[in-house]
Asks: 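Below are the structure tokens for one structure; questions will follow.
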Amino acid sequence: MEHSAKNGGLLTVKETARLLRVSKTTIYRYSRKRLLPHYKKSYGLRFRAEDLEKWLEQGKREALFLAEKILKNSLTNPAPVYIDKSEGGQKVARTKPRRNYGYGSTYIRKTKKGISRFYIDYYDAEGKRKQELVKNATSWEEAKGALDREVQNALDIKYGIIRKKERISFKVLAGLYEEWAKVNKRSWKTDIGRLRGMSEIFGGKLIDSITPHDVERYKAERIKDGVKLTTVNKCLQILSKMFNLAISWGYLRQNPAKGVKRFPEEPFRRKKVLSPEEEERLFNAVIPGYLKSMIRIFLNTGLRRKELFQLTWEYVDFKNKRLFIRETKTSKSRYIPMNEAVYKEMKALYSNGKRQGLVFVNPKTGKAFVDIRRAFYGACRRAKIENLILLDLRRTFATRLLESGVDIITVGQLLGHSSVTTTQIYTMTNQDEKRRAVSLLDAKEGESLLHIRYMEKEEEKSSFPICPFSMN
């Protein structure tokens, strides 16, 4: 910077062009249009470094504004057309083979076999022109979506919002999600198992290059492999959570899984509820011991399997007839009142047990139970009850409460649910209950429901005993 030292810190056109990474012609053009702050000297144009820094900051703000505009207008701009008068002198609108959007363009090229492929044309963070094939694009909208993402990334890198080295692959994101899940989710082991199938599809792709089409392709591959639709939905839920975390961590701007529809799960949800006759057969088939007590407690409290396995005597309140559930799936403690059946069962266990530590201790290990499905399924086979699992006992508890007139909010609180939507999954009402509910709206002999209620109230008034002091 010898010239700048000689001219009191002022930069020449050449030095300014080198600093801004543009040509000298561009510097002259910007100065002529008064877009660039400059000084006219007898020996030519000169520029001050401080003024250029302010100008760059202003340009950065304009670039951010452009980025927001790209995101808001994504997939909404109308297709540009041109007018062709060659057909009988009439104006015919035809789509251009190239669509310009100001910050880049999309166009179509045909292969030797005549297949149309979509391309994008833009400038990267270093000012180099890029013309790239959009592999999975099947429409102009998908091609424009790819253009928006690449231009957005270029702007972010150029103006320091993100650095180029921070563009991570899906495998890296999977590792970061695994670390997060171990701390924040009880079911992290299940999530890690499902991440393996995702990595086979997305591989080493950069997460900011993953499109909704890629997520749809992943969904189709899982179905093709014979995976249940409910499991596919859970995988999509994990995938969406990963991308949302990547957004909060600054690696991504948009969630490509956000618009991907999930399958309706209602037809595939379990609807098994234990009937009173089946309950009697089950208790007769159970070998006396811990399993019989557990089944009775499950049916009368709606506890989760792990909640009962981890229950200790210090949280059994005989005085107030309630159980305190500390270790829950939602990490929220709650109290469960003991009805007479549970109270008698707990008293019997307390009088026959060691009265400290776990309520149920595995006799083989001396520790808490992990699984009782083998013993439970054996009892179901002896009782000739098909398609019954432990979770159905919890569903039976909730359904019986609803049929007894308990509101769904209270049922959800007893089950330990954080939302009513989850409670609805666990509850069922039988056809008799539905028929009885609908029959309440029936009118007698064509009379209106309001008239019926009015007549019932009048009958109640007339049923009062006559006052002995009446004048009649």
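Numbers here simply count residues along the sequence, with the first being 1.
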Asks: Is it true that Asp208 and Arg149 make a salt bridge, defined as a side-chain N closer than 4.0 Å to a carboxylate O?
Replies: no
Asks: Is the shortest side-chain heavy-atom distance between Thr396 and Glu279 below 4.5 Å?
Replies: no
Asks: Can any side-chain N or O of Ser240 pair as donor or acceptor with the backbone N or O of Leu236 at less than 3.5 Å?
Replies: no
Asks: Take the angle between the ring planes of Phe202 and Phe170 and call it parallel below 30°, perpendicular above 60°, tilted in between.
Replies: tilted
Asks: How close do Leu390 and Phe376 get, counting heavy atoms only, and between which atoms?
Replies: N-CE2, 3.8 Å
Asks: Please walk me through it: do Ile192 and Tyr177 pass side chain to side chain contact (heavy atoms under 4.5 Å, CB included)?
Replies: CA-CA 9 Å; Ile192 292 173; Tyr177 176 80; over 6 Å; no
Asks: If I take atom CH2 from residue Trp188 and atom CH2 from residue Trp180, how far apart are they, to the nearest 0.5 angstrom?
Replies: 13.5 Å
Asks: CD/Gln310 to OG1/Thr312 distance, rounded to the nearest 0.5 angstrom?
Replies: 9.0 Å
Asks: Drop me the distance from Gln131's CD to Tyr122's OH, to the nearest 0.5 angstrom.
Replies: 10.5 Å
Asks: Identify the two heavy atoms, one from Arg334 and one from Gln413, that lie closest to each other, and give their separation to 0.1 Å.
Replies: CD-O, 3.5 Å
Asks: Please verify the inter-ring angle class for Phe369 with Phe309; under 30° counts as parallel, over 60° as perpendicular, anything in between as tilted.
Replies: tilted
Asks: NZ of Lys144 to CZ of Arg99: how many Å apart, nearest 0.5 Å?
Replies: 10.5 Å
Asks: Would a 4.5 Å heavy-atom cut-off, applied to side chains only, mark Phe118 and Leu147 as touching?
Replies: no
Asks: Take Glu178 and Lys182 through the test salt bridge (Lys or Arg N to Asp or Glu O under 4.0 Å) and record every step on the way to the result.
Replies: CA-CA 6 Å; Glu178 182 177 338; Lys182 286 181 180 179; 3.5 Å; yes
Asks: Please identify which of these residues, Ile408, Asp407, Val406, meets the side chain to side chain contact (heavy atoms under 4.5 Å, CB included) condition with Leu401.
Replies: Val406
Asks: May I ask you to check whether over 12 heavy atoms, not counting those of Lys205, lie within 6.0 Å of atom NZ?
Replies: yes
Asks: If you compare all heavy atoms of Gly302 against all heavy atoms of Leu415, which two are closest, and at what distance to 0.1 Å?
Replies: O-CD2, 3.8 Å
Asks: Ile295 pairs by side chain to side chain contact (heavy atoms under 4.5 Å, CB included) with which of Leu282, Asn300, Ile372?
Replies: Leu282
Asks: Check this for me, if you would: do Glu216 and Lys219 make a salt bridge, where the nitrogen-to-carboxylate-oxygen distance has to be below 4.0 angstrom?
Replies: yes
Asks: Give, for atom CZ of Phe298 and atom CG of Asp392, the distance between the pair rounded to the nearest 0.5 Å.
Replies: 12.0 Å
Asks: Tell me, yes or no, whether the heavy-atom count around Ile287 atom CD1, taken from other residues, nucleotides or ligands under 6.0 Å, exceeds 12.
Replies: no
Asks: Measure the OG-CZ distance between Ser105 and Arg98 for me, rounded to the nearest 0.5 Å.
Replies: 4.0 Å
Asks: Classify the angle between the aromatic ring planes of Phe324 and Tyr335 as parallel (below 30°), tilted (30 to 60°) or perpendicular (above 60°).
Replies: tilted
Asks: Could you list all the salt bridge (charged side-chain N to carboxylate O under 4.0 Å, His left out) pairs where at least one residue sits in residues 378-389, not counting sequence neighbours?
Replies: none
Asks: With the threshold set at 4.0 Å, does a side-chain nitrogen-carboxylate oxygen contact exist between Lys241 and Asp191?
Replies: no
Asks: Does one side chain, of Thr230 or Asn233, offer a donor that lies under 3.5 Å from an acceptor on the other?
Replies: no
Asks: Considering only residues two or more places apart or on different chains, which pairs with a residue in residues 284-299 satisfy salt bridge (charged side-chain N to carboxylate O under 4.0 Å, His left out)?
Replies: Arg296-Glu345
Asks: Do the charged groups of Glu221 and Arg217 touch, with an N to O distance under 4.0 Å?
Replies: no
